[in-house]
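Below is one structure, written out as structure tokens; the observations come after it.
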Amino acid sequence: MAEIVLDKVTKRYPDGARAVSEMNIEIADGEFIILVGPSGCGKSTALNMIAGLEDISGGELRIDGERANEKSPKDRDIAMVFQSYALYPHMSVRENMAFPLRLAKVDGATVDEKVEEAARILDLTQHLDRRPANLSGGQRQRVAMGRAIVRSPKAFLMDEPLSNLDAKLRGQMRTSVSKLQKQLGTTTVYVTHDQTEAMTLGDRVVVLRGGHVQQIGSPQFLYDQPANLFVAGFIGSPSMNFVPAALEDGSLKSPLGTVPLTDRVRSLVEAAGGPREVIAGIRPEHFEDVSLVDDKHRESGATFRSTVDVLESMGAEKYAYFSLEEQAAVNEELAELAADAGSADVPGSGSTIVTRLDAASAAAEGGALEVWFDPDRLQLFDPKSGRNLTFDG
Amino acid sequence: MAMQPATAGRKARWALLDIVVVVYALVPVLWIASLSLKTKDTVADGNFVPREWTLQNYRDIFATTEFIRPLFNSIGIALIATFIAVVLGMMAAYAIARLDFPGKKLLVGVSLLIAMFPQISLVTPLFNIERELGLFDTWPGLILPYITFALPLAIYTLSSFFREIPWELEKAAKMDGATPAQAFRRVIAPLAAPGVFTTAILVFILCWNDFLFAISLTSTEASRTVPAALSFFTGTSQFDDPTGTISAAAVVITIPIILFVLFFQRRIVAGLTSGAVKG
Ligand SMILES: Nc1ncnc2c1ncn2[C@@H]1O[C@H](COP(=O)(O)OP(=O)(O)O)[C@@H](O)[C@H]1O
Ligand SMILES: [Mg+2]
């Protein structure tokens, strides 16, 4: 059990690359915290600094209030699960899991007992005498977890532990990791580039970009109140729609039409004092087929009409894609997100609007559809700094 | 299954090819073995299978120090040179596989250069230098050049093996509470062992089979190795043909190599590292 504090922790690699810049995170005892961000944003570097596998170039790392910068990994009493699992191939599953205990000179009977216990929790009992090479991906992953939990360390560090599993198994393991953490109540720092994992697993999520912390908060808070364009675009799937827009006499002019701002949004924007040219963002689920909206809401909302490009029917809901003729919103953070998602190479994807409609919608591919949205749900961003002008934190 | 005849045919073709290669490689060896088992009178009869069998040649070579002493030199010199070359090679290969340091490419390039250097052009200078330094006709006088020429081989094989080791395991061991020494001894060393043994075999063979340095840098039985000693074999009289004894000696000196390979082969377990990472 431990409380971990990163105080302006910075990492400069010998080649001059600054992988992590002045990172401040306070991790409470027993908390499950997620570091999330696109690949190369410094997640692993941050984790390795907590682990002691990488030197800290600046700032201070405190574990239970004690400076830990200079402590070697073995003196920090922290266990780590690697993306590649890093199982010892020349040892059986039993020996793999017993290894940390043997190094700690725990007596034989206790080792056996603890290994059996961990194997039981992770459902590995019948595989104890096999070699890692003969196990499936999911079993290897569980052995890696087992090796971490046997010695009841102060904290767990996990670096994309599920990314090598196939989608279905990943979903199952996600649930069991979450359960295991709750059960053990051990402080856990979990690194992932998958926003779904970040949203579903953590007590709190830290969004990173280029080595800088963008925002820290509960998953729901990040979703509702993203501090900037990057967080807004990263959290949520399908991600938020962004369109260029202009503020003119209390209304917002955008490819979705001219919409009067609600009082809440107007006062927030005025307080933030941003420019007139902004980027407007709205999440797919805040759209609805106008024919399914009751009159009362229809009055207070705005609508736009366009041709459905693609319709994906998921059973419980429908995703309708519209493409806008206007230019897509241009911003460095959005470009980075697009590059990370690989969508930068897909022609025309920039100016697409994704809407999530009720399954009862009569929308048809190629047909015109009138779509309703609530202007109070609009989030406005400064195109230069990416700052959220409607942030209400 | 339609594929079955095709596979069977292909198997037969491969088997035939393999047999041709094995026979091609083994005929000279078997011939030498056959010569060593022939009596003096039938040595030149040209038969592949000896008409008259004898072990006399083997008795002869083990009866004189002319063979025993060089055999002892060969074993000692090759083992020492192998040990030193593999230890130095391990350090260099570790650095090449694991670390980024200025001049890494240069180091690799220079070691390649040494491997390509024509050894014959070094014989005269080495001869003169060793005479000046008193190394001529001593064990170190052979061990040193052997190490020099074995090192590039050792560095190359070892660094390609070391690159295959999942080094994340070292980190995992550290996180499990191992000191750097424990991580090396309990995790890295067992995984590096196959590479080290393979390299040791190759280097040993290289040193064991050398003739050029052995003949030019030795003058007496103090350090003469078997390949050189073979060329000094004579019969009991000047006119006696030493073919039989030379053949016997040649057979004997291949035995340590076979033993060496067999002994270490059990340790060269292919695919030992599989299963460490995702797979
Ligand atoms: N050993 C290293 N030397 C130099 N730069 C590195 C090293 N490791 C990582 N980096 C750089 O640091 C940045 C962050 O890397 P990393 O922490 O591995 O990212 P992530 O885990 O978020 O994908 C990247 O730009 C990467 O190129
Ligand atoms: Mg990483």
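Per chain, numbering begins at 1; letters A, B, ... match sequence-line order. Computation of the quantities below employed the complete heavy-atom set of this structure, encompassing side-chain atoms and omitting hydrogens, waters and symmetry-equivalent molecules.
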Would a 4.5 Å heavy-atom cut-off, applied to side chains only, mark B/Thr179 and A/Ser72 as touching?
no
Answer yes or no: are there more than 12 heavy-atom neighbours, outside B/Phe211 itself, under 6.0 Å from its atom CZ?
yes
Neighbours of chain B found in residues 45-54 of chain A - heavy atoms under 4.5 Å:
A/Asn48, A/Ala51, A/Leu53
Answer yes or no: are there more than 12 heavy-atom neighbours, outside B/Phe101 itself, under 6.0 Å from its atom CZ?
yes
So CD of B/Gln182 and CZ of A/Phe99: to nearest 0.5 Å the spacing works out to 7.5 Å
Report, as yes or no, whether the 6.0 Å neighbourhood of atom CG on A/Asp107 holds more than 12 heavy atoms from other residues, nucleotides or ligands.
yes
Applied to residues 125-169 of chain A, the ring pair (Phe, Tyr, Trp, His ring centres under 6.0 Å) test, sequence neighbours excluded, yields none
What one should report as the nearest heavy-atom pair of A/Leu87 and B/Leu169 is O-CD2, 3.1 Å
Highest number of heavy-atom pairs under 4.5 Å with chain B: which of A/Leu103, A/Asn96, A/Val81?
A/Leu103
Determine whether more than 12 heavy atoms belonging to other residues, nucleotides or ligands lie under 6.0 Å from atom CD of A/Glu66.
no
So which part of A/Arg76 gets closer than 4.5 Å to some heavy atom of chain B, the side chain, the backbone, both or neither?
neither
Taking atom CG as the centre, does A/Asp55 end up with more than 12 heavy-atom neighbours from other residues, nucleotides or ligands that are less than 6.0 angstrom away?
no
Atom of A/Ile78, atom of B/Met175 and distance for their closest heavy-atom approach
O-CE, 3.2 Å
Measuring from atom CZ of A/Arg147 to atom CG of B/Asp176, what distance do you get when rounded to the nearest 0.5 angstrom?
5.0 Å
Side chain to side chain donor-acceptor pair (under 3.5 Å) with A/Glu197: which residues, sequence neighbours excluded?
A/Tyr190, A/Thr192
Ring pair (Phe, Tyr, Trp, His ring centres under 6.0 Å) pairs, two or more places apart, involving residues 167-195 of chain B
B/Tyr94-B/Trp167
Give a yes or no answer on whether the side chain of A/Tyr88 reaches the backbone of B/Arg186 with a donor-acceptor pair at less than 3.5 Å.
no
Whether over 12 other heavy atoms sit under 6.0 Å from A/Glu26 CD:
no
